[in-house]
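Data block below; observations after.
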Amino acid sequence: MTAALAPHGLHHVTAIAEDPQRNVDFYTVVLGLRLVKRTVNFDAPDTYHLYYGDESGRPSTLLTFFPWPGADAGRQGTGLTTATAFSIPPEALGWWQTRLKELGVDADDPVARADEEVLRLRDPDGLVIELVASDGDSRSGWDGASAVPGDQAIRGLYSVTLTERELEPTAEMLAGMLGMAYGHNTSDRTRLVMSGGQDGTAVDVLPSKDSRGLQAAGTVHHIAFRAPDRETQARWRLELLEAGVNVTEIIDRQYFTSIYFREPGGVLLEIATDQPGFTIDEPLLELGQHLKLPPWLEPNREQIQNSLPALRVPSR
């Protein structure tokens, strides 16, 4: 089928962590991302929801976490998003390799993959992060981390990798139902791209005979694609319903609205709007410095704050 539904890139990736302070330290200090929002999981407000991205937390730059203290370790496998890739300038690859080694980060040597150079690392929970040398990425990234110069900084999301027991059903949904186009393939993966294949628009599907993954700390919870506005999102939701997909109602996430559904292999997908963004409830210069709650949770602020561990956010 030919679909009008056509997300124009990755909006964010949401993963699970165990220790919130360790998570903040790694992503702000080691990787140099900005903590752009400190809020809670709206569905389980006794845990944080932490958002990292560029200066303003623009869609396509965001990696977010539910940190559950005491959470068991997850296990990579089929039915999961098994790698989240960020774009870096090509000349920054060696700089990042040296930095990660000096900081004792679990990282591999860079490898060539098709026409890309990829540096793979793992965060303290074992979440797989890839840094891809990408020429021509116009995004500026976040230059407020003193240890990460602006010319070396991470630019934003580049791609995600879905590991699946069966390639075809997932690829067919992404291409046939979500309007993605087939990109360049390698011997072990199939790439699908959104909106002409710019940075932050690639989804790699990796077939595997591994056992099914276990979603817990160190694994991705869901990935989100971009819708320009709520009106478009509502049309896309109806299109998914007409195609027989079990999709949620539109849910208010304060900084965007969302719909959720699963692809055939089991990965949870979201379509999120670009607006209204993270400055809706605090100024740009203060993003991430204060616990922000949506209006419907504000009456329970004291109870929620008492249930959360204190966080130290590094200053610029």
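In this chain, residues are counted from 1 in sequence order. Just so you know, these numbers use all the heavy atoms, side chains as well, and skip hydrogens, waters and symmetry mates.
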* Candidate pair Arg155 and Asp54, rule salt bridge (charged side-chain N to carboxylate O under 4.0 Å, His left out), full reasoning -> CA-CA 8 Å; Arg155 295 326 198 211; Asp54 69 358; over 6 Å; no

* Check step by step if side-chain hydrogen bond (donor to acceptor under 3.5 Å, both in side chains) holds for Gln76 and Thr82. => CA-CA 6 Å; Gln76 298 285 14; Thr82 52; 5.0 Å; no

* To do: Might you work through the side-chain contact (heavy atoms from CB on, under 4.5 Å) test for Leu206 and Thr190, ending with a clear yes or no?
  => CA-CA 7 Å; Leu206 183 66; Thr190 295; over 6 Å; no

* Residues Ser87, Val132; criterion side-chain contact (heavy atoms from CB on, under 4.5 Å); working and verdict -> CA-CA 5 Å; Ser87 169; Val132 178; 5.7 Å; no

* Might you work through the side-chain contact (heavy atoms from CB on, under 4.5 Å) test for Tyr27 and Leu35, ending with a clear yes or no? => CA-CA 8 Å; Tyr27 285 95; Leu35 178 65; over 6 Å; no

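Taking the six-membered ring for Trp and the full ring otherwise, His49 and Phe65 have centroids separated by 6.0 Å or more. Taking the six-membered ring where the residue is Trp, the centroids of Phe278 and Tyr51 are separated by under 6.0 Å.
Hydrophobic clustering of Ile, Leu, Val, Met, Phe, Trp and Tyr side chains at less than 4.5 Å, counting indirect connections, unites Tyr182 with Val160. Ile129 is connected to Val24 through a chain of hydrophobic side-chain contacts under 4.5 Å among Ile, Leu, Val, Met, Phe, Trp and Tyr, so both are in one cluster. When the side chains of ILVMFWY residues are joined at heavy-atom separations under 4.5 Å, either directly or via intervening members, Ile304 and Leu50 end up in a single hydrophobic cluster. Hydrophobic clustering places Leu157 together with Tyr52 (ILVMFWY residues linked when any side-chain heavy atoms are closer than 4.5 Å, directly or through intermediates). The hydrophobic clustering, which links ILVMFWY residues whose side-chain heavy atoms are closer than 4.5 Å, places Leu100 and Tyr158 apart.
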Return a table of donor-acceptor pairs under 3.5 angstrom between the side chains of residues 216-225 and protein atoms on other chains or two or more places apart.
unit_1, atom_1, unit_2, atom_2, d
Thr219, OG1, Ala216, N, 3.0
Thr219, OG1, Ala216, O, 2.6
His222, NE2, His12, NE2, 3.4
His222, NE2, Thr14, OG1, 3.4
His222, NE2, Glu270, OE1, 2.8

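Residue pairs meeting the side chain to side chain donor-acceptor pair (under 3.5 Å) criterion with at least one partner in residues 227-236, sequence neighbours excluded, are Asp229-Thr232, Gln233-Thr257.
For the pair Glu164 and Arg212, the salt-bridge criterion is not met [side-chain N within less than 4.0 Å of a carboxylate O]. Look at Asp274 and Arg58 and you find no salt bridge, because none of the NZ, NE, NH1 or NH2 atoms lies under 4.0 Å from a carboxylate O. In summary, Arg120 and Asp108 do not engage in a salt bridge, as defined by a charged side-chain N under 4.0 Å from a carboxylate O. Salt bridge annotation for Arg253-Asp43: present, with a cationic side-chain nitrogen under 4.0 angstrom from a carboxylate oxygen. A salt bridge is defined here as a Lys NZ or Arg NE, NH1 or NH2 lying under 4.0 Å from an Asp or Glu carboxylate O, and Arg139 with Glu55 fails to meet this definition. Using a cut-off of 4.0 Å between Lys/Arg side-chain N and Asp/Glu carboxylate O, Glu102 and Arg99 are scored as not salt-bridged. Under 4.0 Å is where a charged nitrogen must lie from a carboxylate oxygen, and between Arg22 and Glu18 at least one such pair does. Ion pairing between a basic and an acidic side chain is recognised when a charged N comes within 4.0 Å of a carboxylate O; Asp281 and Lys292 show no such pairing.
More than 12 heavy-atom neighbours from other residues, nucleotides or ligands sit within 6.0 angstrom of CD on Glu298. Applying the 6.0 Å contact sphere to CG of Asp135 captures no more than 12 heavy atoms from other residues, nucleotides or ligands. Around atom CD of Gln21, more than 12 heavy atoms belonging to other residues, nucleotides or ligands sit under 6.0 Å away. At most 12 heavy atoms of other shown residues, nucleotides or ligands fall within 6.0 angstrom of atom CG in Asn246. Annotation: Asp151, atom CG; neighbour count of heavy atoms from other residues, nucleotides and ligands within 6.0 Å is above 12.
Defined by atom type and a distance below 3.5 Å, a donor-acceptor pair is present between the side-chain atoms of Arg189 and Thr161.
Annotation for Glu286 and Glu282: closest pair O-OE1, 3.1 Å, computed over non-hydrogen atoms.
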